[in-house]
Asker: 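Submitted below is the structure of interest, expressed as structure tokens.
Proteins get letters first, then strands, A, B, ... in listed order; numbering begins at 1 in each. Quantities reported herein were computed from a predicted structural model and do not represent experimental measurements.
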Amino acid sequence: MNNLKIYNTLSRKIENFKPIHEGRAGLYVCGPTVYSDVHLGNCRTFISFDLIYRYLLYLGYKVRYVRNITDAGHLEGDRDEGEDKFAKKAKLEQLEPMEIVQKYTLGFHEVMRAFNTLPPSIEPTASGHIGEQIEMIKEIIANGYAYETNGTVYFDVEKYNIEFAYGQLTNRKLEDLMEGTRELQGQDEKRGRLDFALWIAAKSETLMKWNSPWGWGFPGWHIECSAMSSKYLGETFDIHGGGMDLQATHHTNEIAQSQACNHKSPVNYWMHTNMLTVNNVRMSKNAGNGFLPGELFTGDHPLLEKGYSPMAVRFFMMQTHYRSTLDFSNEALQASEKGHARLIAAMKTLENLKPTTSTTSDIEALQKACYDAMNEDFNAPILVAQLFEGSRIINSVNDGKETITADDLALLKRTMHGFVFDVLGLGGLVGGPDSYRDNQGQDDKLSSTIDLLLDMRQKAKDRKDFATSDEIRNKLEALGFVIKDGKDGVSWGV
RNA sequence: GGCAUUGUGGCCGAGUGGCUAGGCUCAGCUCUGCAAAAGCUGCUACAGCGGUUCGAAUCCGCUCGAUGCCUCCA
């Protein structure tokens with residue numbers, strides 16, 4: 001449990017993970033803004049952190065995993081101009097803002113389930129924590145790091161920077177940041193160009209608004225994460241994660257708010273996941289090169305040659321480290337699809353392995369290699385390579401080319417199950433994720449039927465009636481089944 | 001312009017200075033009635049040029065290329 005290493009954005013180094021409380025870990029991940037369908041880039045981030053969450057659990061940590069839902073106050077422009085996203089979408093769709101929130105929250109959960117991600121321990125909403133956010137803003141004002149103008153409260157970045165390093169997370173100096181900032185209209189209310197809103201005064205047309213000491217309004221985007229993370233994980237907690245694109249603005253402001261409020265650094269380990277690209281260009285909502293998870297599953301998109309199962313996609317993501325960019329292409333996806341199928345086939349074979357009195361491969365070394373891979377900043381690609389070594393052993397034992405003792409077989413099963421299913425989250429034995437397991441009863445009937453056909457084929461083979469046996473095989477294969485003639489009989493897969 | 005990341009074999013992708021992951025593709029072999037599956041073997045990889053070193057894909061410098069952030073985004 002003590003060998004885990006994590007790359008910390010703050011130090012730009014791989015560090016030993018030392019939790020604040022022995023045996024426990026607090027993890028906060030910035031969740032989605034639910035004003036439209038979740039897109040695949042978001043999914044990659046959440047799947048990456050699902051892996052991290054799963055491995056912490058697998059190591060025996062008691063983890064509190066908090067992932068928020070942003071359902072209020074997220075403006076179009078990050079620097080406080082623009083319109084409320086929910087209200088804008090609501091006008092377009094003629095719905096109440098909270099209907100939008102509900103619709104896309106449900107859709108988000110559906111996709112997360114399809115990818116077999118574990119639900120977080122707590123999934124707090126911004127709109128449900130307005131009080132906490134107001135209290136935090138009051139404290140920041142009392143501490144002298146924020147000021148109110150016409151019902152809007154701004155964070156005073158330049159004043160904060162005198163005492164703290166505002167740009168520490170991105171290694172930037174305040175002067176450089178100032179240069180890079182444009183002069184925007186309607187900003188006379190701000191004292192400094194980098195100042196950002198903690199609370200925004202409602203206009204007459206604002207649909208989502210709450211009462212506050214500064215009048216009716218809504219919270220700025222960044223304050224919700226500071227308020228909710230400190231509420232559920234404490235003023236300083238272990239790990240905060242999110243996509244790399246949040247590093248410069250959102251997370252930088254989160255640190256500033258928390259420091260200004262609580263006088264302490266909020267997070268020990270900052271983790272950032274890399275972007276998803278298509279043809280080497282970042283997939284983004286507005287670039288037109290993105291597709292939705294649903295389109296990926298069905299293949300119903302011009303960029304996709306066919307559909308890919310959620311587990312094949314998850315496996316594809318596990319073959320790349322979370323800090324590397326991941327490029328989507330049909331070729332790469334299809335390669336992963338086959339690799340995934342081969343690994344899952346070996347998992348099935350593992351169930352039927354027969355032990356003997358000696359072992360030819362070093363199972364303990366395999367197990368250690370799996371732990372080593374994940375302990376090195378959650379290196380899933382190396383883990384996958386080790387699991388293929390495990391699958392090679394499984395198949396060799398199955399072919400009678402290698403042997404294994406009962407004890408080693410038990411260890412091999414524990415290792416393979418633990419890392420394939422519990423850590424990588426590649427679904428259960430029968431058909432993968434829960435959504436694919438609904439027709440369990442049918443599956444049983446189907447497999448009896450296939451077994452019957454294969455039994456008939458065997459009888460035909462026994463009397464050298466190869467015409468009949470091949471006909472059965474060819475027709476089954478045409479239906480998508482794979483027939484494997486093994487040493488001790490026939491097996492099949494889909 | 002500033003701050004970062006990055007350039008690995010046909011493709012995708014790991015790589016902590018020396019022991020050259022893994023998957024997919026392709027070719028061959030073993031097994032098989034034939035296939036499939038499985039196993040084994042192979043396919044002149046580290047952008048270029050210098051440097052440090054006994055030794056560099058890995059460290060340093062320069063050149064060229066790609067990407068991200070700095071402006072909504074996971």
Asker: Given the P atoms of rA47(B) and rG15(B), what is the spacing between them in whole Å?
Answerer: 16 Å

Asker: Does Arg67(A) make a cation-pi contact with Phe49(A) (under 6.0 Å, within 45 degrees of the axis)?
Answerer: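 No, cation not above the ring by the 6.0 Å, 45° rule.
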
Asker: Applying a 4.0 Å non-hydrogen cut-off, can you work out what Met275(A) is touching in the nucleic acid: base, sugar-phosphate, or nothing?
Answerer: base

Asker: Roughly how many Å apart are rC40(B) and rG23(B), using the P atom of each and rounding to a whole number?
Answerer: 9 Å

Asker: Indicate, with a heavy-atom threshold strictly under 4.0 Å, whether Gly242(A) touches base, sugar-phosphate, or nothing.
Answerer: sugar-phosphate

Asker: Can you confirm whether the side chains of Gln247(A) and Thr9(A) place a donor and an acceptor under 3.5 Å from each other?
Answerer: no

Asker: Between rA36(B) and rA45(B), how far is it from one P atom to the other, in whole Å?
Answerer: 29 Å

Asker: Ignoring backbone atoms, establish whether Asn42(A) has a side-chain N or O less than 4.0 Å from OP1 or OP2 of rA74(B).
Answerer: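 The answer is yes; a side-chain N or O of Asn42(A) sits under 4.0 Å from OP1 or OP2.
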
Asker: Return the nucleotide paired to rG68(B): Watson-Crick means purine N1 to pyrimidine N3 with N6-O4 or O6-N4, wobble means G-U with N1-O2 and O6-N3, both under 3.5 Å.
Answerer: rC3(B)

Asker: Check every strand shown and say whether Thr320(A) touches a base, only sugar-phosphate, or nothing at a heavy-atom separation below 4.0 Å.
Answerer: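 Thr320(A): backbone/sugar contact only, no base atoms under 4.0 Å.
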
Asker: Quick one: look up who rA27(B) pairs with, Watson-Crick or G-U, both distances under 3.5 Å, and put none if it's unpaired.
Answerer: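 Matched rA27(B) with rU41(B) under the 3.5 Å cut-off.
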
Asker: Select base, sugar-phosphate, or nothing to describe what Asp245(A) touches, counting heavy atoms under 4.0 Å on all strands.
Answerer: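 The residue Asp245(A) makes base contact.
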
Asker: Can you confirm whether the side chains of Thr349(A) and Asn398(A) place a donor and an acceptor under 3.5 Å from each other?
Answerer: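 No, no side-chain donor-acceptor contact under 3.5 Å.
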
Asker: With both distances under 3.5 angstrom, what nucleotide forms a Watson-Crick or G-U wobble pair with rA21(B)?
Answerer: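 Its partner: none found.
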
Asker: Ser324(A) side chain N/O closer than 4.0 Å to the phosphate oxygens (OP1, OP2) of rG13(B)?
Answerer: no

Asker: Using only modelled atom types and a 3.5 angstrom limit, is any donor from either the side chain of Arg342(A) or the base of rC24(B) paired with an acceptor on the other?
Answerer: no

Asker: Quick one: CG on Leu326(A) to CZ on Arg44(A), what's the gap to the nearest 0.5 Å?
Answerer: 4.5 Å

Asker: What integer number of Å spans the P atoms of rC29(B) and rG68(B)?
Answerer: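 Approximately 47 Å lies between the P atom of rC29(B) and that of rG68(B).
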
Asker: Is the charged tip of Arg323(A) near the ring of Tyr7(A): under 6.0 Å from the six-membered ring centre and within 45° of its axis?
Answerer: yes

Asker: Looking across every strand, which nucleic acid part, if any, lies under 4.0 Å from His321(A) by heavy atom: base, sugar-phosphate, or nothing?
Answerer: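 Touches sugar-phosphate only.
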
Asker: Examine the side chains of Asn68(A) and Thr70(A) and answer whether a donor and an acceptor come within less than 3.5 Å of each other.
Answerer: yes

Asker: Does rC62(B) have a Watson-Crick or wobble partner in any strand here, with both distances under 3.5 angstrom, and which is it?
Answerer: rG48(B)

Asker: Report the base-pairing partner of rA14(B) (Watson-Crick or G-U wobble, both distances below 3.5 angstrom), or none.
Answerer: none

Asker: Reckon Leu276(A) touches a base, only the sugar-phosphate, or nothing at all at heavy-atom distances under 4.0 Å?
Answerer: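 Since a base atom lies under 4.0 Å of Leu276(A), the category is base.
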
Asker: If I pick the P atom on rG7(B) and the same atom on rG13(B), what distance separates them, to the nearest angstrom?
Answerer: 11 Å

Asker: When you compare rC64(B) with rG50(B), how far apart are their C1' atoms, in angstrom units rounded to a whole number?
Answerer: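 15 Å, rounded to whole Å.
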
Asker: Out of rG22(B), rC12(B), rG39(B), which has the shortest distance to the side chain of Lys401(A)?
Answerer: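 The answer is rG39(B), which lies nearest to the side chain.
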
Asker: How far, in whole Å, is rC46(B) from rG65(B) if one measures between their C1' atoms?
Answerer: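 Here rG65(B) and rC46(B) have their C1' atoms 16 Å from each other.
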
Asker: Which nucleotide sits closest to the side chain of Ser469(A): rC12(B), rG33(B), rA74(B)?
Answerer: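 Within the option list, the nearest is rG33(B).
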
Asker: Test for a donor-acceptor pair under 3.5 Å between the base of rA38(B) and the side chain of Arg392(A), counting only N and O atoms.
Answerer: no

Asker: Which nucleotide in the list rG2(B), rC12(B), rA35(B) gets nearest to the side chain of Arg473(A)?
Answerer: rA35(B)

Asker: Which base sits across from rG33(B) as a Watson-Crick or G-U pair, both distances under 3.5 Å?
Answerer: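 Here rG33(B) is not engaged in any pair, so there is no nucleotide opposite it.
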
Asker: Taking only the C1' atom of each, what is the distance from rC34(B) to rU30(B) in whole angstrom?
Answerer: 16 Å

